[in-house]
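Small disclaimer: the values here were computed from a predicted structure and weren't measured.
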Amino acid sequence: MEFPAVADEVAVDCDAFRIYRSGKMDRLCRPARAPTGLDPATGVTTKDVVIDAGTGLSARLFLPARPADPTKKKKLPVLVFFHGGAFLIESAVSPLYHGYVASLAAAAGVLAVSVEYRLAPEHPVPAAYDDAWAALRWAAEAQDEWVAEHGDGARLFLAGDSAGGNMVHNVLVRASFEPAPRVEGAILLHPWFGGNTVVVGEDEAMARDMAVVWECACPGAVGGADDPRMNPMAPGAPGLENLRCERMLVCAGQKDWAAARDRAYYAAVTTSAWRGGASWVESEGEGHVFFLEKPYCANAKELMDRVVAFIAGH
């Protein structure tokens, strides 16, 4: 006797992707590829480089306009950027992230290395973390002529939004127990953290959905959303006092689904024995990564100003 096949039930459905109970995922849109070269709007020139041909790891480099007079040229801070997208979607070369990082490079006067890391589920986590680590070491070792000529390896920054912000945290954790370059500052823009137990102010339904997304990206997650890579405050997670950077900027949107976790993370860092300096920025009335979709709104400009000031050391 034959029984009809049971349809694979949808677990999470959003504009960008659909995840099924089986763990299968459909990408519902694929971003276009922004061209490299000179961007007249920002004066930033870009190029793509291969970091590791074996894994396919690459990056897009962003070089802001430089003075014509060589005597006035000063080496630039190097900022390694990890894009968001739940470890499942998006790209360093999409128009969305190309535009944001170009604007950041121009405003802050940094040489930006935007990392094109491997995506899950084809390459499950920890592939993204491994790529982030490799990109940081590559940038620090100035294995490209732009980085060697224009970059100041003594002023190294990490930045990322959403899943990319999570990656920043996990790179800092790895740097606490492996030889690593000195990181002056870390910028976590609406970082994605989670946990099996909701925290004050967190939406329970959204937390459940994001736990499913995490398990799609990282099928081997220990404890589900309480895996220490997703929940830095979970029992047994590496101590926050050992984070390897000197300064940190944690940013959230007031109406962001990730805000409650971000506040808890900031509180945990600042009440730990970590000896760095941390700052908090909360954008009133804004949702998750609003600055990507509305880069010219007043709150996005204010956030960019805060990021620029942080990099400058103010």
- Item | Among V80, V49, L57, D52, the one residue meeting side chain to side chain contact (heavy atoms under 4.5 Å, CB included) with W138 |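 For W138, the side chain to side chain contact (heavy atoms under 4.5 Å, CB included) test succeeds with only one of V80, V49, L57, D52, which is V49.
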
Separation of [Y] [atom2] from [X] [atom1] (nearest 0.5 Å):
X: R275; Y: N242; atom1: CZ; atom2: CG; answer: 9.5 Å
X: S114; Y: Y97; atom1: OG; atom2: OH; answer: 9.0 Å
X: L61; Y: T36; atom1: CG; atom2: OG1; answer: 11.0 Å

Under-4.0 Å salt bridge between [X] and [Y]:
X: R27; Y: E122; answer: yes
X: R174; Y: D130; answer: yes
X: E204; Y: R208; answer: yes
X: E145; Y: K47; answer: yes

Look at atom [atom1] of [X] and say whether more than 12 heavy atoms of other residues, nucleotides or ligands are closer to it than 6.0 Å.
X: E178; atom1: CD; answer: yes
X: Q254; atom1: CD; answer: yes
X: K75; atom1: NZ; answer: yes
X: F177; atom1: CZ; answer: yes

If you define the side chain from C-beta out and look only at heavy atoms, does anything of [X] sit under 4.5 Å from [Y]?
X: R137; Y: W133; result: yes
X: W257; Y: D209; result: no
X: E302; Y: F291; result: no
X: V199; Y: R263; result: no
X: D39; Y: T46; result: no

- Task: For the pair S283 and N299, evaluate side-chain hydrogen bond (donor to acceptor under 3.5 Å, both in side chains) and give the outcome as yes or no after the intermediate values.
- Result: CA-CA 6 Å; S283 301; N299 282 339; 5.7 Å; no

- Centres of the Y117 and F82 rings: under 6.0 Å?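 No.
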
- Task: Give a yes or no on whether the backbone of R18 and the side-chain of K24 come within a donor-acceptor separation of less than 3.5 Å.
- Result: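 Not at all, since once roles are kept as given, no pair shorter than 3.5 Å links the two residues.
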
- Side-chain donor/acceptor of R247 to backbone N/O of G185, under 3.5 Å: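 A pair under 3.5 Å: no.
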
